[in-house]
Amino acid sequence: MIHVAVTSDPIDTIAVLARVGADDHGAALLFLGVVRNHADGRSVSGMTYEAYEEMATPVLKEIASEVVKRCGTDRVTIVHRVGELAIGEVSVAIAVSSPHRAEAYEASRYVIEEIKKRLPIWKKEHYTDGTDKWVEGMKPAAPERAGSLAERPI
Amino acid sequence: MIHVAVTSDPIDTIAVLARVGADDHGAALLFLGVVRNHADGRSVSGMTYEAYEEMATPVLKEIASEVVKRCGTDRVTIVHRVGELAIGEVSVAIAVSSPHRAEAYEASRYVIEEIKKRLPIWKKEHYTDGTDKWVEGMKPAAPERAGSLAERPI
Amino acid sequence: MPLSIRALFFAAYRDLLGTPRLDVDLPNGSTVADLVLELRGRGAPFDSLPTEPAVAVNRHYALPSDPLQSGDEVAFIPPVAGG
Amino acid sequence: MPLSIRALFFAAYRDLLGTPRLDVDLPNGSTVADLVLELRGRGAPFDSLPTEPAVAVNRHYALPSDPLQSGDEVAFIPPVAGG
């Protein structure tokens with residue numbers, strides 16, 4: 001069971017964790033990304049997250065589906081926050097569960113690394129000196145396919 | 001801040017997670033070990049955990065201290081349950097937080113692997129056919145030191 | 001009949017161009033690369049877009065050589081920074 | 001004066017021996033290995049203990065060669081299975 005969401009509401013981390021787990025699962029893992037008070041040596045007062053929401057949700061679903069195939073767990077929940085976040089607020093929550101712990105760690109790590117590579121979400125850091133800046137992120141890789149109409153998803 | 005406990009009460013996983021986190025920490029990770037309904041192909045109805053409690057608590061503290069040194073996070077909480085556990089109940093909860101995610105994953109994994117290697121806790125599987133068996137675990141490694149009185153911790 | 005494309009700009013690109021979207025007409029047979037060329041050819045501030053930005057066509061990442069169709073939603077994706 | 005040792009047995013070892021603890025007197029200068037030998041020498045069921053079990057002296061893992069002192073708490077640690 002896969003569940004993903006992009007939301008402007010504060011993330012209910014307990015609810016995210018509660019979505020995973022099964023009677024034959026011996027391990028569950030909850031990862032939280034949290035807004036912190038500094039970046040590159042500068043003092044941060046808060047963060048604005050912006051998403052291309054119509055694309056972000058399917059990309060999250062895609063990442064979750066890859067985890068099911070690769071890591072052998074069918075319980076993955078990913079919730080990403082958007083909007084204005086204060087220090088200490090949760091920007092992303094990832095919950096997975098699996099029969100054994102190794103797959104849970106692998107699955108959780110895979111999700112957050114793929115999010116950093118290709119989820120169309122951006123964040124602007126607000127500094128305590130009143131300035132702000134879009135965080136320099138990663139350029140998503142081009143798709144691995146020939147550029148033909150026939151192969152392009154419609 | 002390190003917190004460890006061995007308890008016969010159900011683990012309040014939210015409280016475990018709430019113990020970690022700091023304004024300069026961007027990642028938090030909660031690992032849960034959960035009793036599952038099968039082992040080695042046999043159907044399991046529950047589990048009894050037994051600890052050498054007077055030793056288990058200091059060993060957990062030792063593991064947590066090692067994490068602080070190795071992984072550069074000072075927020076580690078470990079709670080291990082003992083007693084009779086039903087399927088789906090949490091046997092161990094490990095929460096860590098750190099400035100960046102890599103250390104959080106490393107720290108969390110280190111704790112659970114070391115628990116499996118040297119925490120003096122044992123579990124008896126109760127099978128649905130009415131039989132039970134102590135789980136074959138790992139023999140803790142002998143300490144890495146010469147066997148002299150002077151070097152033995154008092 | 002030319003292609004009618006809707007271009008979307010997010011985050012730093014939106015701030016750079018001062019708009020979140022733009023409707024663009026292109027000749028038939030145009031590709032993603034042609035759209036980038038057309039926009040950058042408009043001069044400042046468009047020429048500050050990268051020569052090969054990440055682009056999603058109808059919410060899927062696309063190659064510069066991918067052909068466009070009328071009605072396509074073409075999003076210019078600045079380097080992402082989720083999580 | 002002999003050493004007075006308290007031996008503790010957990011989990012499978014306790015079930016094997018039918019007791020969680022035993023007070024044992026040993027000659028001065030005895031080591032962990034000597035205690036194991038003394039116990040295994042008692043015959044069944046003690047001879048089912050491993051020849052080199054994991055042992056903790058006063059709650060720290062110890063080596064077979066570690067000397068014992070009177071009053072030591074020596075725990076026989078079956079293979080652990082926490083988590």
Side-chain angles (χ1 to χ4, degrees), chain A residues 6 31-35 39 47-60 62-63 78 80-82 90-94 111-125 132-154, chain C residues 3 5-23 26-37 40 45 48-83:
Chain A
V6 175
F31 173 85
L32 303 179
V34 184
V35 176
M47 203 82 98
T48 305
Y49 281 81
E50 175 182 332
Y52 178 13
E53 293 197 27
E54 298 85 348
M55 180 173 171
T57 305
V59 168
L60 285 179
E62 192 177 84
I63 293 171
I78 317 173
H80 203 300
R81 177 94 182 271
V82 291
V90 173
S91 55
V92 62
I94 301 165
V111 170
I112 185 64
E113 298 305 326
E114 291 304 308
I115 282 175
K116 300 270 177 189
K117 283 182 201 162
R118 57 180 159 127
L119 186 65
I121 287 190
W122 303 272
K123 57 190 171 201
K124 184 183 262 182
E125 282 168 355
D132 55 41
K133 192 180 69 137
W134 289 105
V135 173
E136 296 282 347
M138 289 177 77
K139 184 182 171 184
E144 290 170 10
R145 61 185 164 78
S148 79
L149 246 186
E151 294 182 70
R152 204 180 86 197
I154 310 275
Chain C
L3 303 177
I5 302 299
R6 164 150 299 188
L8 302 181
F9 306 104
F10 292 94
Y13 292 168
R14 182 195 55 238
D15 288 359
L16 172 73
L17 304 183
T19 180
R21 81 178 65 85
L22 212 60
D23 291 325
L26 292 172
N28 254 315
S30 292
T31 63
V32 167
D34 294 327
L35 172 62
V36 175
L37 268 177
R40 285 180 38 88
S48 294
L49 286 172
T51 53
E52 205 172 301
V55 162
V57 177
N58 300 332
R59 301 155 194 183
H60 294 273
Y61 288 113
L63 295 166
S65 55
D66 281 349
L68 295 173
Q69 296 172 19
S70 219
D72 277 352
E73 177 179 292
V74 182
F76 285 71
I77 310 279
V80 300

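Naming convention: chains lettered A, B, ... in sequence-line order (proteins, then strands); numbering from 1 in each chain.
In this structure, chain C has a heavy atom under 4.5 Å from the backbone of A:Leu119, while its side chain stays farther away. Using a 4.5 Å cut-off between heavy atoms, C:Pro64 makes no contact with chain A at all. Only the backbone of A:Lys117 comes within contact range of chain C, with at least one heavy atom under 4.5 Å from a heavy atom of that chain. When heavy atoms are compared at a cutoff of 4.5 Å, A:Ala51 approaches chain C solely by way of its backbone atoms N, CA, C and O. Within the 4.5 angstrom heavy-atom criterion, atoms from both the backbone and the side chain of A:Arg118 approach chain C.
Taking NZ of A:Lys139 as the reference point, atom CD of C:Glu52 lies at 5.0 Å (rounded to 0.5 Å). Considering CD of A:Glu54 and CD of C:Glu73, their distance stands at 6.5 Å, rounded to 0.5 Å. To the nearest 0.5 Å, atom CD of residue A:Glu53 and atom CZ of residue C:Phe10 are 9.5 Å apart.
Between the side chain of A:Tyr52 and the backbone N or O of C:Ala56 there is no donor-acceptor pair closer than 3.5 Å. Judged purely by atom type and a 3.5 angstrom limit, A:His80 has no side-chain atom pairing as donor or acceptor with the backbone of C:Gly82.
A:Met55 approaches C:Arg59 most closely through the heavy-atom pair CG-O, 3.5 Å. Listed here is the closest heavy atom pair of A:Trp134 and C:Asp15: NE1-OD2, 2.7 Å. When every heavy atom of A:Trp122 is checked against every heavy atom of C:Pro78, the shortest pair comes out as NE1-O, 2.9 Å. Across all non-hydrogen atoms, the minimal contact from C:Leu63 to A:Pro143 is CD2-O, 3.7 Å. In terms of heavy atoms, C:Ile77 sits closest to A:Pro140 at CG2-CG, 4.1 Å. Closest non-hydrogen pair, C:Val80 versus A:Ile115, comes out as CG2-O, 4.4 Å.
For the set A:Ala142, A:Pro120, A:Ala141, A:Gly33, the count of heavy-atom pairs under 4.5 angstrom toward chain C peaks at A:Pro120.
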